[in-house]
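The block underneath contains the structure these notes are about, expressed in structure tokens.
None of these values were measured; they are calculated from a predicted model. Numbered from 1 within each chain, the chains take letters A, B, ... in sequence-line order.
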Amino acid sequence: MTRETVYEKLNEVFRDVFDDEEIEVNDSTTADDIEDWDSLEHINLIAAIEQEFGIKFSMGQVVTMKNVGEMVDIILSRMD
Amino acid sequence: MQELEYPFDSEYILKKAKSIKKALLEEKTTRIQKKIAVLGGSTTHDIVKVLELFLLHYGIEPQFYESEYAQYWQDAMFDNAALAAFAPDIIYIHTSNRNIQEYPQLSDTEEAVDAILGETYRHYEVMWDKLQKSYHCPIIQNNFEMPAYRLLGNKEASDVHGRISFLNRLNERFYQYAREHNHFYINDIAYLSACYGLDRWADSFYWHMYKYALCLPAVPVLSFNVANIIKSVYGKNKKALVLDLDNTLWGGVVGDDGAENLEIGQETSMGQVYSEFQEYLKRQKDIGIMLNVSSKNEEENAMAGLMHPDGILKPEDFVLIKANWEPKSKNVAQIASELNIMQDSLVFVDDNPAEREIVRKSLSGVAVPKMDSPEQYIRILDRSGFFEVTSLSQDDRLRSEMYKANLERKKEQESFGSYEDYLHSLAMKGTIKPFEPLYMARIAQLTNKSNQFNLTTRRYTQAELEQISADNAYITLYGKLEDKFGDNGVVSVLIGHREKEILHMDLWLMSCRVLKRDMEYAMLDTLVYTCAKAGIKEIKGYYYPTAKNKMVEGFYALMGFTLEKTDETGGTVWYYKIEADYENKNKVIKVVEA
């Protein structure tokens, strides 16, 4: 799976979870960039991403992810 | 909304919660409004969010009070202006084994273990008592799920020091409290987590990351269960099943295969599956669910199938049997009308997806569970929560008999010259008295369920009704009706509050099962006498129109009241001056009065 495809799918998930068709995420996107992305929505976002890609993040990964770019790195590493 | 019907896709619901809510709010349905306080011992954010969806789907528009993180006990026990101002209609306490403060130590004596158990239990009991005293509303309380690990292995269950033993005993104390308190309901997360799979349910990732006592994907399962209890408390359970026959109640097609070749009974595995399903349905009947048949069959064949010697359900277990070649949607609508219940009180059970689609499309509100493989029928029906039991009255147990007696009456009616002759022939006996504790559960049930013959559609919880009946400012009456075909139980409920010499009718309702029996006149007679005795000179009646109560628009006129005013929504106010020479309006029911 290419980084572009991951982003395509990821954007869909973000749009579903935050119910906003305008969202477009990139490597440097963080929770500060999306209004509704608070700690409570974070859990839903993580769960929806896990479901979309059929993977499960470890606690260590969730705790240390700094931005969407790092999240995509993890997703890609699991896709091989 | 199909997305919210069992078996639902939890991940989808969590992901799409916002857009599902939007869609639900766009539906043009009338919903009752309820204030629900959620007191959590762990994070409740998504639980509340998803609970809202299920409640909206059930026709309840909730407003929530959500305690701060893990503040359930503080919120309940100490002065809480915010909660008091919120005035909850129902309180849900979401605690889990994460909230247990002390478990037995291996070195503890048996007495010491008992003491810890007692103390842990008291922590909850004082809270429930306090909440009941402060808010007089129903309480829903989680029991405890099993622990995620077992230090003593299998011995955890039997050794008094084991946590499994401890939690089981604690749960039993909770159940005892539930048995002794009417408005207290257990939300059985011990069962839910077992069904879901405890390892997944108790995934500690969600506890350490977000302080959720259960895994996020299980949240809809939990919220759905709570929603089922709430909708049941507010009278929104289904009432009747409409069952297909061929490949639903037995294997095979009776018209083609012949009754003797049907799969039912202990001979084959498939036969056993259908027997177990019939057994399950028979027990549904015992809790007051009315069983009916809609089958595309010659009636003769349908009956032959139902009389199969190995069958568990017999023709007499059903209230109505429609075996014909009409569209099922027509038969189902007919069943609702003959039983005198709303279409949305029915569950349609059919293995054929095409038939299900027709019923789903043409009859709004009828529940149509997806029944695809016979070995899953019981689970699908059971987990759908259509008939969630929060109270079980004598009436529930006898319901099928009562409706069948009704059909007998209809038949007899046709053989009489005049309607009044017929009414006399029924030898009706009424009991009309102020509310009594014995009937309170049934009265509460009626006030929450009756939609059609209901002038104000005001809903009351049992706790409120108990308060009202003890309050001198109120006049309450219940009416019970018996006749030669059987006892209809409590069928009419009146509540009025007194302001000086005027009685304002807050509630006047009657069960549609006794329409046109002159019971409403008997109720008026007793009401007038009760008022006269209490020095009341005038009765004021109110009619508030809803989508369902058009049948009583002209009720007060019929009762001899005079119209005082009409508001812009079609609501009306009526008055009735009580005269000394009042003459009984009921001439056909022999009434036992207070």
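Both the backbone and the side chain of B:Leu14 come within contact range of chain A, with heavy atoms under 4.5 Å apart. Contacts between B:Tyr210 and chain A at a heavy-atom distance below 4.5 Å involve the side chain alone, from C-beta outward. Contact of A:Leu45 with chain B is not made at all, since no heavy-atom distance falls under 4.5 Å. Only the backbone of A:Phe57 comes within contact range of chain B, with heavy atoms under 4.5 Å apart.
A 6.0 Å sphere centred on NZ of B:Lys21 holds no more than 12 heavy atoms belonging to other residues, nucleotides or ligands. Open room surrounds OH on B:Tyr149; 12 or fewer heavy atoms of other groups in view lie less than 6.0 Å from it. Heavy-atom contacts from other residues, nucleotides or ligands closer than 6.0 Å to CG of B:Asp79 number 12 or fewer. B:Tyr69 OH: more than 12 foreign heavy atoms inside a 6.0 Å radius.
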- Take A:Ile43 and B:Met209, measure what side chain to side chain contact (heavy atoms under 4.5 Å, CB included) needs, and give me the verdict at the end. CA-CA 9 Å; A:Ile43 176 172; B:Met209 281 295 298; over 6 Å; no

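In this structure, CG in A:Asn44 is found 5.0 Å from CG in B:Leu216, a value given to the nearest 0.5 Å. To the nearest 0.5 Å, atom NZ of residue B:Lys18 and atom CZ of residue A:Arg15 are 15.0 Å apart.
What you find for B:Asp46 and A:Leu40 is that their closest heavy atoms are OD2-O, 4.1 Å.
A 4.5 Å side-chain heavy-atom check between A:Lys56 and B:Asp203 finds at least one atom pair inside the cut-off.
When each of A:His42, A:Met59, A:Glu41, A:Glu50 is checked for heavy-atom pairs under 4.5 Å with chain B, A:Met59 comes out on top.
Ion pair A:Glu12/B:Lys15 not flagged as a salt bridge, since none of the NZ, NE, NH1 or NH2 atoms sits closer than 4.0 Å to an Asp/Glu carboxylate oxygen.
Residues of residues 18-35 of chain A lying under 4.5 angstrom from chain B, judged on non-hydrogen atoms, are A:Phe18, A:Asp19 in numerical order.
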